[in-house]
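Below you'll find the structure, written out as structure tokens, and then a few comments.
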Protein chains: 2
Amino acid sequence: MSTAEETAGGEAQPWGEVTPDAARRLLLAAVEAFAERGYHATTTRDIAGRAGMSPAALYIHYKTKEELLHRISRIGHEKALDILRTASRGEGTATERLADAVSSFVRWHARGRTTARVVQYELDSLGPGARAEIVGLRRQVDAEVRGIIEDGVRSGEFDVPDVPGTTLAVLSLCIDVARWFNVDGPRTPEQVGALYADLVLRMVGAGNTGSV
Amino acid sequence: MSTAEETAGGEAQPWGEVTPDAARRLLLAAVEAFAERGYHATTTRDIAGRAGMSPAALYIHYKTKEELLHRISRIGHEKALDILRTASRGEGTATERLADAVSSFVRWHARGRTTARVVQYELDSLGPGARAEIVGLRRQVDAEVRGIIEDGVRSGEFDVPDVPGTTLAVLSLCIDVARWFNVDGPRTPEQVGALYADLVLRMVGAGNTGSV
DNA sequence: GGCAAGGGTGAGCGAGCGCTTAGCGCGCCT
DNA sequence: AGGCGCGCTAAGCGCTCGCTCACCCTTGCC
């Protein structure tokens, strides 16, 4: 009911904006490889091979291997920010909006675990300029969640002694899903999203959601 | 008051058990390098250089670069497990023991951020055999926290609908400290430990600790 | 049908990787 | 005092890396 971000097939179709088809296939292959083995351990030959191309084809569409990571990271962060903004600026009480934000953010990390891993864990592999841009996007992500929590404190729904610290913890909890979530594990992304929304509402001292 | 794991100098003196002095210096250099740049991006020349030795010196004390990572990971996990066991098997209510476990576990991740990063994020860089051993240690870590939560549920102190899921979330929250904690940031490890202990008690529905 | 344009390939460059080997110098045992 | 062995280094092996270059094959326009 609360996710405006889905498209038809469950996983949405990400990377639709990457325009030459071959460039998108290469980028998708890079996401897979970076998530599996890490940026530095991934070779350009591996990326090109996954995309069914020769190693040289990569350099027609991207100037360097790092440009691939930069593109992935920027698009991924914009998507994450978009998800949080949609929840944050929706209607409803702060409690409802926080639950919505957490559950949809968590679902995104669980479903697109490969993408999320690259986005969240390969920041340090970027050069200084690219990193600075991404750090700016992260600050906006933080501000979005902090805004909801501040709303809840103002309205008396939440009891939060340390708003910046709690914001940090909420985001940290969601982001770490990308590290441990296992597609073959016992939980679906939806179940984790619901569990985490409940836990976060407890963290901010909101009335229990009555879930489960 | 609750930390039995400290020694003199704040950071404890880890790696005391690594016996030839040169081997310890190499291992310490490897921890630094792995934490900064990641395992795959670290060269054996870099490790040896940080330890003030020639590249070949590394192979007198360690068979391969991976053996260094394995040793770091095993010692680190044993230390983390030790911290949790000390808190878990201490005296006091489940509430007190959970707060103690979380705050000391978080302090370890914040203080020894370099070590913790390697321990928590470079698991996949190990070969199958070494990884299996480490995964076994992680299961023990999980069991220790789950045990405290189960105690609290049994005694009526906690209200936890999903014990395994909540255990996962608590550990995830603590571990992710190693990703974001910044030594030059506004929070001390002690402050983060106290904040997180409070947040976790809220997550399990324990009465508020009255901290701050 | 000829031809420019551009996406793609095979081969390979210089560099840096993990790791090995031959040999050196210093401390310890007698 | 002599010699042995351990800890270490300089040099370098074979390999793979990110990336480049000369060339080809297809496509669309006249």
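We name chains A, B, ... by the order of the sequence lines, and we start the count at 1 in each one. Side chains included, hydrogens not; waters and symmetry mates left out as well; all remaining heavy atoms used.
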Original post:
Has A/S54 got a side-chain N or O lying under 4.0 Å from the OP1 or OP2 atom of C/dG8?
Top reply: no
Original post:
Donor-acceptor pair, A/R97 side chain versus A/A87 backbone, under 3.5 Å?
Top reply: no
**OP:** Report the distance from atom CD1 of B/I60 to atom P of C/dT21, rounded to the nearest whole Å.
**Re:** 14 Å
**OP:** Starting from P on D/dC17, measure out to NE2 on B/H40 and report it in whole angstrom.
**Re:** 12 Å
Subject >> Candidate list B/R71, B/K65, B/K63, test side chain to side chain donor-acceptor pair (under 3.5 Å), partner B/E67, passing option >> reply: B/R71
Original post:
Would you say the side-chain atoms of A/T42 pair up with the backbone N or O of A/R37, donor to acceptor, closer than 3.5 Å?
Top reply: no
**OP:** Using the ring-ring contact (aromatic ring centres under 6.0 Å, His included) rule, collect all pairs that involve residues 178-203 of chain B, keeping only residues at least two apart or in two chains.
**Re:** none
Subject >> Where at least one partner belongs to residues 54-86 of chain A, residue pairs that pass ring-ring contact (aromatic ring centres under 6.0 Å, His included), sequence neighbours excluded >> reply: none
Original post:
B/E66 CD to C/dC17 C1': how many Å, rounded?
Top reply: 16 Å
Original post:
Which whole-number value in Å describes the distance from B/Y62 OH to D/dG7 P?
Top reply: 13 Å
**OP:** Measure from CZ on B/R25 to P on D/dG7 and round the result to the nearest Å.
**Re:** 13 Å
Subject >> pair A/M53-A/R25: side-chain heavy atoms closer than 4.5 Å >> reply: yes
Might you list the N or O atoms of the protein lying below 3.5 Å from N or O atoms in nucleotides 13-16 of chain D, with each pair's distance?
none

**OP:** Taking only the side-chain heavy atoms of B/A56 (C-beta and beyond), determine which of D/dC8, D/dA10, C/dG18 contains the nearest atom.
**Re:** D/dA10
Original post:
Can you check the A/L26 CG to C/dG7 P distance for me, whole Å?
Top reply: 13 Å
**OP:** Write down the distance between NE2 (B/H61) and P (D/dC6), rounded to a whole number of angstrom.
**Re:** 13 Å
Subject >> Between D/dA22 (C1') and A/Y59 (OH): distance, integer Å >> reply: 18 Å
